[in-house]
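Numbered from 1 within each chain, the chains take letters A, B, ... in sequence-line order.
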Amino acid sequence: MSTVKEIFETMDYGPAPESAAEAFAWLVDQGDRFGHFIDGTFTEPGQTFESRNPGTGEVLAHVTQATQADVDAAVAAARKAQKKWAKDSHARARVLYAIARLLQKHSRLFAVLETLDNGKPIRESRDIDVPLAQRHFYFHAGLAQLMDDEMPNRTALGVCGQIVPWNFPLLMLAWKIAPALAAGNTVVLKPAEYTTLTALLFADICRQAGVPRGVVNIVTGDGAVGEMITTHPDIDKIAFTGSTSVGRRIREATAGSGKALTLELGGKSPYIVFDDADLDSAVEGLVDAIWFNQGQVCCAGSRLLVQEGVAERFHAKLKRRMDGLRIGNPLDKCIDVGAIVDPVQHARIAEMVNARSGGELHQCPAPLPAEGCFYPPTLITGLTPADPLMQEEIFGPVLVSTTFRTPSEAVQLANNTRYGLAATVWTENVNLALDIAPKLAAGVVWVNATNLFDAAAGFGGVRESGFGREGGWEGLAAYTRPAKQGKPLALVKPHMGEGGPADPLDRTAKLYIGGKQARPDSGYSQAIYSPRGALLGHVGLANRKDIRNAVEAMNAASGWGKTTGHLRAQILYYVAENLSARADEFAKRLNAMTGNTKGKHEVDAAIRQLFTWAAWADKHDGRAKGVPIRGVALAMNEPVGKIGLLCADDAPLLGLVSAVAPAIAMGNRVTAIASEPFPLAATDFYQVLETSDVPAGVVNILTGRHAELATPLAAHLDVDAVWSFSSSDVSAQIEAASARNLKRTWVNDGLSRDWYAGGDSAEWRAAATEVKTIWIPYGE
Amino acid sequence: MTQTDTAQSAALSTTKDSLPQLHEPRNPGMPLDMDLIQSIQANTSAIERRAATLPGRRSVKKDYQAAWLCRAISCIDLTTLSGDDTEGRVRRLCAKARQPVAPALLEALGLPDLTVGAVCVYHDMIPAAVDALAGSNLPVAAVSTGFPAGLSPYHLRLQEIRESVAAGAREIDIVISRRHVLTGNWQALYDEMAEMRESCGDAHVKAILATGELGTLRNVARASFVCMMAGADFIKTSTGKEPVNATLPVSLTMIRAIRDYHEMTGIRVGYKPAGGISKAKDALTYLALIKDELGDRWLRPDLFRFGASSLLNDIERQLEHHVTGAYSAGWRHAAG
């Protein structure tokens, strides 16, 4: 032990441990053995496993591995409680408020327990995780209060199964439970098996907060329990945060089940430093980007891109800062980097770093504690995008780095990834920052800052980082569905016949790809008959190569998303004008195909839709979120990108227009597969498109069999979303195939839609856009 | 830390702890590099975030805290800069400078010879202070150049420095012309600083930037660099008379400039936050900031000073608490 006189010379920091006595006392009070929290009570412990402190390796408690019967009981309790819970939004607001207050009252207990269980520094659990969790419940108490006013056409989904990861056990629980409860759902939540304890403490809090029995259920265990939740037939939504590989499996497992799904998955988020940045501040930002929570952060700024001219200086500054990081006992109030959550993760990080193909390694020289699971902060410079470490998520305190020359190259490198969760941009040039931020493929962009979070601001990814947002109104929407639901939709069959042509002059309906009429690759055609058997014409039978060509055409039309809303509105009005000019012809065609007399009505409705979406094209405004910083968090509505569409069979023109119009109004490109039994209205419609200044490739129209085309469309890795309103039973195959690149899907699950009802523009706008949150702190 | 840094620290630690040891070569300055000055950036919100989270990231407890507080005392420029200063008042202050903490407490802490870093007074008070500090080797610092506004005739400001040095001041705290910064006239600032340094002769010069009047942190960063290029031995935040004095964001900005200057030239320039630091806990935060951003070498009175008057009393109370285990009262400690 050093004397004061010695320390006066060395000026070492010394130990500054936070006491864990209260947290241990709570564990002892619970008997160090935990069951589940089901229907408002803790169950008896069953078959248990050990929960360890990664900072020391000590066993903290014994936690129960849930059985199918446990999960069934939890789901049944949640189901039983849901109807009543959904009734009174003010009552929900009161309960959420009470939870927030209790989280605040027990804040230090939560923080210490979180650090014991997870290994993160007490500074982070105390100053970041727990306050953000509180804020989440306060904010959602407000959303619950306002929901009836603000979302009159939405209703709760029902029972939500929620699976949260080990990196932010309490905070991710808050992100899941608060919006679910606010919207009127009940939940069955499974914490990660490494980090169960704060969820159980939260369950304890729920009793004190007056959460009605069955509204919150917590079952514990490993991935097998997650699978039981995922596949449970009486669960209406799965919300998952975790790895992309598990997310993909959940997508496959839930395909066709009708369950709503949101996934918040992995990332390899770029951290871009331009040569005019405040380099010291950008270095400090990296401490919060990649050494926050030992880099075990899905949105960690793990991929450093530095402009060439300042790279050497920046790396030198960075190494100097790294060398000052303090690694050690997570309960010490004076350390920066705590323990890796589990030896399994540690081994994975070490293996990836050791297998590196190139680059120069720099590691923080601070000694690691003899006990516990620690990995030094690591920087690998001089990598190229081709190195696996530049592409793969490491999920540890390892930063990889490369350089760029120009802003456009920075964007290119930043977007050269399968992921798209977050991005950081450092520059003192406001023009550059505001130009770059929208170009980055990411759900969240931080300008001159990093890892800023707030309940009011949406968080979530694009590409293989998942879909759905958490936080803000957009996060709440993901826990609701339209109040009005469709009826079971019967397969609409084509008419058959043996008659001759109704029109003596053969008109050839082709595919419409890249602004050109194209013959199908297959060389096959299908005859289309009227109900009385008259031959109305032939359409091509598209195959997967036609889909490939259509996607290439959409790629070539990438400028559409950058056009102004005003221009898109003008074009949609022009489409309406030209459709109107040919209204009679379209009405006749519809009547001829379907055999009913509603054709004129359908054309009128289609023109009305075009007007609606011309109107929305320049009015789907983003929001400036009221986040608690000096700055703005802009929620920008960005087009989803390239959408594959299986059109409604029952409304051959209106179904097409009702889906294509919102898609292109919001800046997307579409490949639409026409109504299978009645495709000729769609093939007529491309002539309208051709005369209405719709740029080539923005709308592509294929004809053919939905069941055959759904899978290649949903599996295409360069398609961002697939919507299906088909009467063919393709929802399951679309959702299953979409798992490959985790594209967004919107399928009808075999339910009808009232194409004439209107009033559902919010649903279409939400499907056609992604919210990108751009954080811009300011101040001079 | 480099090898040299370690060696120098070791050399320092063998010397008598109460005496500021001036081992560092003085800053000779360098030609004004306008390209460099123009390229300096300071992102205010990011700097504020770093400053705001620092107290939560660093904590020193028990013996470590006591040692750090003693280190803080050794770096205090015990200051009186009031219109009603008298020789008697200055002698009292000097006595406190020599014996900043009750002898029994210092004995218990094992640091019986602890003194503050210097005494800082107006020009007219230099002789009294020099006399009162005789034999202690504690330097007298004088504020100069028309302190605090720095708007008296230029030749008088230079003359004031020379007279203060002649009167026995070993350190001169000059104030810069804020208008040079506010109008971006970096050449004028450079020239002024260089001439003032020259007027100081062998006395060390601390450049007071009056950061509360410079408008932006970017200006603070640029003015810091210009003053260092012109040969300042120390850069100092404030006169204590501006509406806003030393803050953590300003300090972070200035010490990052010091770090860059050191990386570029190998010269260590000192740092002195002044005004508004009155709590022991604040002092610990400042020391942690210096330790983390500049390194241990700067945690010595030859490279770091607190410009403070009431800080010492709060530290004394904390030290008594450390020694006795009971919370202390201000009146138990000798007035300065």
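Distance check, rounded to the nearest 0.5 Å: NZ of A:K317 to CZ of B:R259 gives 5.0 Å. Note that CD1 of A:I335 and OG of B:S59 are 12.0 Å apart. Values are rounded to the nearest 0.5 Å. Atom CE of A:M11 is separated from atom CG of B:D296 by 7.5 Å, given to the nearest 0.5 angstrom.
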Inset, instruction - Give the C-alpha distance, both sets of side-chain angles, the deciding distance and a yes or no for salt bridge (charged side-chain N to carboxylate O under 4.0 Å, His left out) between B:R58 and A:D336. - result: CA-CA 9 Å; B:R58 291 291 177 255; A:D336 301 301; 2.7 Å; yes
Inset, instruction - Please step through ring-ring contact (aromatic ring centres under 6.0 Å, His included) for the pair A:F8 and B:W68, ending with a clear verdict. - result: CA-CA 6 Å; A:F8 180 77; B:W68 278 51; over 10 Å; no
Inset, instruction - Go through A:R630 and B:T44 one step at a time and tell me if the side-chain contact (heavy atoms from CB on, under 4.5 Å) criterion holds. - result: CA-CA 11 Å; A:R630 188 186 61 221; B:T44 299; 4.0 Å; yes
Inset, instruction - Evaluate salt bridge (charged side-chain N to carboxylate O under 4.0 Å, His left out) for A:E18 paired with B:K61, printing each intermediate quantity in order. - result: CA-CA 11 Å; A:E18 174 79 31; B:K61 295 292 173 196; over 6 Å; no
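The contact list for residues 277-287 of chain A toward chain B, using heavy atoms and a distance under 4.5 Å, reads A:A277, A:D278, A:D280, A:S281, A:E284, A:V287 by residue number.
The choice from A:T450, A:I629, A:D276, A:V4 that makes the most heavy-atom pairs within less than 4.5 Å of chain B is A:V4. Of all the listed residues (B:A46, B:A66, B:A42), the one sharing the greatest number of non-hydrogen pairs under 4.5 Å with chain A is B:A42. Each of A:E124, A:R313, A:R123 has some count of heavy-atom pairs under 4.5 Å with chain B, and the biggest count is that of A:R123. Interface summary for chain A: among B:L287, B:L217, B:D260, the most heavy-atom pairs under 4.5 angstrom belong to B:D260. Of the listed residues B:V60, B:N219, B:L69, the one with more heavy-atom pairs under 4.5 angstrom with chain A than any other is B:V60. Top candidate by heavy-atom pairs under 4.5 Å with chain A, chosen from B:E263, B:E293, B:K62, is B:E293. Comparing A:A449, A:P17, A:G324 by how many heavy-atom pairs each has under 4.5 Å with chain B, the most go to A:A449.
Residue B:R49 touches chain A through its side chain alone, counting heavy-atom pairs closer than 4.5 Å. Within the 4.5 angstrom heavy-atom criterion, no atom of A:I776 approaches chain B. Residue A:N448 touches chain B through both its backbone and its side chain, counting heavy-atom pairs closer than 4.5 Å. The parts of B:A288 that come within reach of chain A are both its backbone and its side chain, each placing non-hydrogen atoms under 4.5 angstrom from that chain. Heavy-atom distances place no part of A:D323 under 4.5 Å from chain B, backbone and side chain included. With a threshold of 4.5 angstrom between heavy atoms, A:S2 approaches chain B through its backbone and through its side chain.
Using a 3.5 Å distance cut-off with no hydrogens or angles, the side chains of A:E428 and B:N43 do pair a donor with an acceptor.
Heavy-atom neighbours of A:E312 CD from other residues, nucleotides or ligands within 6.0 Å: at or below the threshold of 12.
Taking 4.0 Å as the cut-off between side-chain N and carboxylate O, B:R57 and A:D288 count as a salt-bridged pair. A salt bridge does not link B:D63 with A:K5: every distance from a Lys NZ or Arg NE/NH1/NH2 to an Asp or Glu carboxylate oxygen is 4.0 Å or more.
Residues A:Y13 and B:K291 form a side-chain contact, since some pair of their non-hydrogen atoms from C-beta on lies under 4.5 Å apart.
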